[in-house]
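Keep in mind that this is a model prediction, so the values were computed, not measured.
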Amino acid sequence: MVRQLSTAWGLSVLAACAQAAANYPPIPGDKSTPVQQRIAVSGPSSISVGWNTFEQVANPCVEYGTAADRLVYTACGSSVTYASSRTYSNAASLNNLKPATRYYYKIVSTNSTVEHFMSPRLPGDTTPFQMNVVIDLGVYGEDGFTIDMDMTKRDTIPFIDPSLNHTTIKRLADTIDDYEFIIHPGDLGYADDWIYNAENILDSKDAYEAILEEFYGQLAPISSRKPYQASPGNHEATCEEVPYTWWICPDGQKNFTDFMNRFGRTMPSAFGSVSANSSAKVQANTAKQLANPPFWYSFEYGMAHVVMINTETDFTDAPSTASGDSHLGAGPFGAAGQQLAFLEADLASVDRNVTPWVIVGGHRPWYSTGGSDNICIPCQNAFEPLFYKYGVDVGIFGHVHNSQRFLPVNNSIADPAGLNNPKAPMYMVAGGPGNVEGLSAVGKNYTTNVFAYADDFSYAAVTFQDRNHLKVDFFQSSTGKLLDTSVLYKAHKDQFVLQK
Ligand SMILES: *[C@@H]1O[C@H](CO)[C@@H](O)[C@H](O)[C@H]1NC(C)=O
Ligand SMILES: *[C@@H]1O[C@H](CO)[C@@H](O)[C@H](O)[C@H]1NC(C)=O
Ligand SMILES: *[C@@H]1O[C@H](CO)[C@@H](O)[C@H](O)[C@H]1NC(C)=O
Ligand SMILES: *[C@@H]1O[C@H](CO)[C@@H](O)[C@H](O)[C@H]1NC(C)=O
Ligand SMILES: *[C@@H]1O[C@H](CO)[C@@H](O)[C@H](O)[C@H]1NC(C)=O
Ligand SMILES: *[C@@H]1O[C@H](CO)[C@@H](O)[C@H](O)[C@H]1NC(C)=O
């Protein structure tokens, strides 16, 4: 979302100009030290490892194995950077993993430690599991959100390990054994909101990079252990959000550059189908060719087929393009029609006997209690008909900074079945985990909405209970209190869903 700056901010600019400097984290003495570690599901038996370093690594490698003292395998990748970045982004893919097994890994460096992860569940594994959802998360600390959301008090927070004090990141750390992976559909660190800290004003190019370094450092305790699946939001697009001005941004801070460098080699494309149906295999193969990670892609995990879409560019009137509503000058990233052709082939390929649940995550919603200002009609026009046609079970969005749950709905009409085997997708907004712009009021438009919460920071968890039951929970981040819970029942009788 976009927010107005306060008068208090204006006054603090005057005070800050004398001491302007970006809040870069310290550069380690050993420049091979891995920072900002993140892993992702990158294939049915693959985990990718991404990390940054303050030097280019000639041969970036990860050693791994199923015992901490026997890291018998090695995977290597590439080390890249872009104009305006202080760091190199490294990536390697760990393939041929045994399913749902604990692996230990060590990024090869003269200063690194052994971490661990659980490898992905195979498509069709019916073991229940929980997937957490954060959207619009944002950096914590001087450049980010504060616990009381009072921007003038930003500098009064005592120094503590920031990665464990962001209310939502702390909760994700405290409950790390409860969930198996995280999806984050857009608005990641809020680097383009550097202006909210008045001290950044004379050094905005460095401030943008410093926020990225801070945010991914804060996230690392979580993302180095749990797969973190990211997709784009408007805050990844350019160096600031003022419409029509992207062209003044420094090289490297336009057109989703950091997002692409950081996640382009580590997000999956789409999985080959394990269905016995040959047309499903052909569709899955088509989807794989049309996928464009990290912008749009899919993966399968146990009972779930998860698709991540790009609500910013690459469809008619997409908002983050030069001519779109936000005028951020980004994209396109694929050929004309490629993203929607991907989505259609991908959804058509899903064999519900293998992965009964189909979830789509994207950034901008088309159902929100906030009214017409923060819903994306071009997104609805592009995506909603495909969601209905192929029986998407749940649509997960953010952009609006609060938590909301809707009835299953299509074309703004609630499905008469409610949560009892509806044909229309159930929608949710999970945009409340905390960022420098603060929470958004829940608004007045309650059409088809059943839960809305903006009193404090919150996040969501989706539990795949069995082939027919999926639980959606919203939690208050600071206390872990359960705010809302619901169970969606789907019969999932058709092997391939095709609805008129
Ligand atoms: C080694 O890594 C640790 C943890 O990331 C860091 O705090 C320390 O500064 C590094 N040491 C050197 C010599 O770079
Ligand atoms: C953050 O850390 C400070 C200092 O340790 C503590 O007083 C505060 O309660 C913490 N906040 C949260 C949300 O954990
Ligand atoms: C394979 O799946 C398609 C839908 O994608 C369906 O029309 C066709 O009947 C299926 N074939 C078999 C042999 O089940
Ligand atoms: C953004 O990047 C993509 C991929 O590199 C490129 O095809 C596109 O032309 C770029 N858009 C702009 C406005 O530079
Ligand atoms: C309220 O939301 C519905 C969709 O649920 C939308 O069609 C309608 O335009 C919205 N009304 C206002 C006043 O924003
Ligand atoms: C579902 O919504 C789309 C608009 O997004 C509409 O074109 C279509 O007719 C609706 N389908 C049904 C069955 O109501």
Side-chain angles (χ1 to χ4, degrees), residues 32 34-64 73-97 103 105-109 112 115 117 119-120 181-186 188-189 209 212-213 215-217 219-220 223-232 236 252 255-272 287-299 306-308 310 313-314 330-331 333-334 338-339 342:
S32 77
V35 295
Q36 308 171 30
Q37 297 91 320
R38 61 250 166 210
I39 65 171
V41 174
S42 57
S45 47
S46 299
I47 285 282
S48 57
V49 180
W51 73 100
N52 285 28
T53 45
F54 285 88
E55 65 182 11
Q56 185 158 30
V57 184
N59 194 23
C61 297
V62 177
E63 293 169 346
Y64 61 106
Y73 307 108
T74 303
C76 300
S78 54
S79 186
V80 301
T81 191
Y82 58 85
S84 82
S85 173
R86 301 199 307 174
T87 60
Y88 286 80
S89 175
N90 309 290
S93 193
L94 284 44
N95 301 327
N96 303 316
L97 305 174
Y103 275 84
Y105 74 102
K106 183 178 182 294
I107 293 165
V108 175
S109 157
S112 63
E115 248 303 339
F117 60 78
S119 57
F181 63 91
I182 295 176
I183 62 167
H184 190 163
L188 312 174
E209 296 301 324
L212 293 170
E213 291 184 23
F215 174 70
Y216 291 106
L219 197 65
S223 59
S224 61
R225 186 171 299 181
K226 295 290 165 160
Y228 171 78
Q229 312 296 122
S231 68
E236 280 67 64
N255 201 20
F256 290 94
T257 301
D258 183 84
F259 176 73
M260 209 174 356
N261 272 265
R262 186 177 295 275
F263 295 115
R265 291 160 295 160
T266 52
M267 292 303 128
S269 54
F271 289 11
K288 205 175 175 108
Q289 285 162 31
L290 295 172
N292 190 11
F295 293 97
W296 54 88
Y297 61 86
S298 71
F299 60 99
V306 182
V307 193
M308 300 288 265
N310 169 13
T313 69
D314 292 81
F333 295 98
Q338 184 178 334
Q339 177 176 209
F342 154 79

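Using modelled atom types and a 3.5 Å distance limit, the side chains of Gln37 and Arg225 yield no donor-acceptor pair. No side-chain donor from either of Lys288 and Ser269 sits under 3.5 Å from a side-chain acceptor of the other. Defined by atom type and a distance below 3.5 Å, a donor-acceptor pair is missing between the side-chain atoms of Glu55 and Ser32. Under 3.5 Å, the side chains of Arg265 and Ser89 contain a donor-acceptor pair of N or O atoms. Between the side chains of Ser45 and Asn96, no donor-acceptor pair of N or O atoms lies under 3.5 Å. Between the side chains of Tyr88 and Asn52, no donor-acceptor pair of N or O atoms lies under 3.5 Å.
When ring centroids are compared, Phe295 and Phe259 come within the 6.0 Å threshold.
A side-chain hydrogen bond (donor to acceptor under 3.5 Å, both in side chains) with Tyr82 holds for exactly one of Asp258, Thr257, Asn261; it is Asp258. Under the ring-ring contact (aromatic ring centres under 6.0 Å, His included) test applied with His184, the options Tyr216, Tyr228, Phe263 reduce to a single match, Tyr228.
Aromatic ring orientation, Phe256 versus Phe333: perpendicular (interplanar angle above 60°, classes split at 30° and 60°).
Once rounded to the nearest 0.5 Å, the distance linking SG of Cys76 with CG of Asn59 reads 4.5 Å.
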Please assess Thr87 against Glu213 for the test side chain to side chain contact (heavy atoms under 4.5 Å, CB included), listing each intermediate value before the final yes or no. CA-CA 9 Å; Thr87 60; Glu213 291 184 23; 4.0 Å; yes
